[in-house]
Structure formats: structure tokens, C-alpha cells
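Everything on this sheet refers to the single structure shown next.
Note that this is a predicted model, so its numbers are computed, not measured. In this chain, numbering begins with 1 at the start of the sequence shown.
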Amino acid sequence: MTVTDAAELLAALRRRGWSVACAESLTGGLVCAELTAVPGASATVRGGVVAYATDCKVSVLGVDPALTARVGAVDPDVADQMAEGVRRLFDAEVGIATTGVAGPDPQDGQPVGTVHVSVATPAGIVRRRLALGGTREEIRAETVRSAVVLAADAAARNPWE
């Protein structure tokens, strides 16, 4: 991960006049930290929520409790709802969400390295499922990189395509 990726994302958002907010679980605030490491980030970054516990995903971000009861927290639809929830919470055009299993143990029946990243924009939601290997730190770092790159791709798209 380089600050260049984050700088490119923030530049793409600035060109559109969009702001961004982050809803993070397994990354524990690392996505927001990566974005705010870029000088001038305050013009674009609205804020972030670390919703590590499933009940916080529900109560703070508005994730459907029936969904989490059925599938757990490590699910693409949960990531989508987190991304939409953080957009609403911070009145941002873009919401980035991460949820998954960094280890050391499986969670919700999902193996270590299972990650879901979602980016919600006015044009809709894009998502990516990752099956990562490595240490806990490596899984988290790759999740941050993937989230920033996915958000940059989403921000660069024409919302009317």
C-alpha cells in the first residue's frame, strides 16, 4: 500500500466534488488512517466508524439484524449495508466498508483471509470478495489496499454509465 493509491482516490473524489466516509471492521480504522495520511485529506474525508462488534454494525450503521443473524458479519451484503450506512451517517457521497476474518481463528463459519469490501457511491455499490493468505497484519494491509483501489475505481466511473 502506498499513499499514492490514497492520494489518487482523494484526487478522483475532489474532481467529482464528492466526500468519503469509512465503515471498518477487520481493518480497525486503517482505511481511514491511510486516507488521512494524505495532505489535504480534510477537504474530502468526512469521518469513519470502527464497528468491530456485530451489534455495532447494526446499531450504528443500520445493518439489518435479520441479515447478521442469518449469515453473520462476514458477508458481502453486510459490507454493502455498512457502506450505505456510513454514507448516510456522515452525509458522504462515497462509503467504503470492510468486513472479514483477519485471524487467528475462523469467524461465522468463514476461514481466515475471507474479506468483503464494498464501496457505495451515488451510482450504486461495487464489491470485492478477497481470499487472502498471510499473517493477520498482511491480511489487514491487503484489505486496506484493495479497499482504496476499489474506491478509486468506483470514483473514476461515470455515474451515468
Atom pairs and distances, donor-acceptor, side-chain atoms in residues 113-125, under 3.5 Å, two or more places apart:
from   : atom 1 : to     : atom 2 : distance (Å)
Thr114 : OG1    : Pro111 : O      : 2.9
Ser118 : OG     : Asp80  : N      : 3.3
Ser118 : OG     : Asp80  : OD1    : 2.6
Thr121 : OG1    : Ala123 : N      : 3.0
Thr121 : OG1    : Gly124 : O      : 3.3

Please table the atom pairs, donor to acceptor, closer than 3.5 Å between any side-chain atom in residues 35-44 and protein atoms at least two apart or in another chain.
from  : atom 1 : to    : atom 2 : distance (Å)
Thr36 : OG1    : Cys32 : O      : 3.0
Thr36 : OG1    : Ala33 : O      : 3.3

Applying side chain to side chain donor-acceptor pair (under 3.5 Å), name anything that partners [X], two or more places apart in sequence or on another chain.
{"X": "Ser25", "value": "Lys57"}
{"X": "Gln110", "value": "none"}
{"X": "Thr98", "value": "Thr27"}

Grab the two heavy atoms, one from [X] and one from [Y], that are nearest each other, plus how far apart they are.
{"X": "Ala147", "Y": "Val31", "result": "CB-CG2, 4.2 Å"}
{"X": "Leu13", "Y": "Ala155", "result": "CD2-CB, 3.7 Å"}
{"X": "Pro104", "Y": "Val112", "result": "O-CG2, 3.5 Å"}

Co-membership, hydrophobic cluster, residues [X] and [Y], 4.5 Å side-chain:
{"X": "Val20", "Y": "Val126", "result": "yes"}
{"X": "Val60", "Y": "Ile96", "result": "no"}
{"X": "Val50", "Y": "Leu26", "result": "no"}
{"X": "Leu30", "Y": "Leu150", "result": "yes"}

* Just by distance, do the side chain of Glu34 and the backbone of Val148 share a donor-acceptor pair under 3.5 Å? ->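 Checking the backbone N and O of Val148 against the side chain of Glu34, no donor-acceptor pair under 3.5 Å is found.
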
* To do: May I ask you to decide if Phe90's main-chain N or O and Arg46's side chain share a donor-acceptor pair within less than 3.5 Å?
  =>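 Indeed, once roles are kept as given, a pair shorter than 3.5 Å links the two residues.
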
Please list, chain by chain and in numerical order, all residues satisfying side chain to side chain contact (heavy atoms under 4.5 Å, CB included) with [X], sequence neighbours excluded.
{"X": "Thr68", "value": "Thr54, Val58, Val63, Val78"}
{"X": "Ala23", "value": "Leu61, Met82, Val86, Ala97"}
{"X": "Asp108", "value": "Ala73, Val74"}
{"X": "Ala152", "value": "Leu9"}

Suppose the criterion is salt bridge (Lys or Arg N to Asp or Glu O under 4.0 Å): which pairs have a residue in [range], not counting sequence neighbours?
{"range": "residues 58-79", "result": "Asp77-Arg127"}
{"range": "residues 129-144", "result": "Glu142-Arg145"}
{"range": "residues 88-106", "result": "none"}

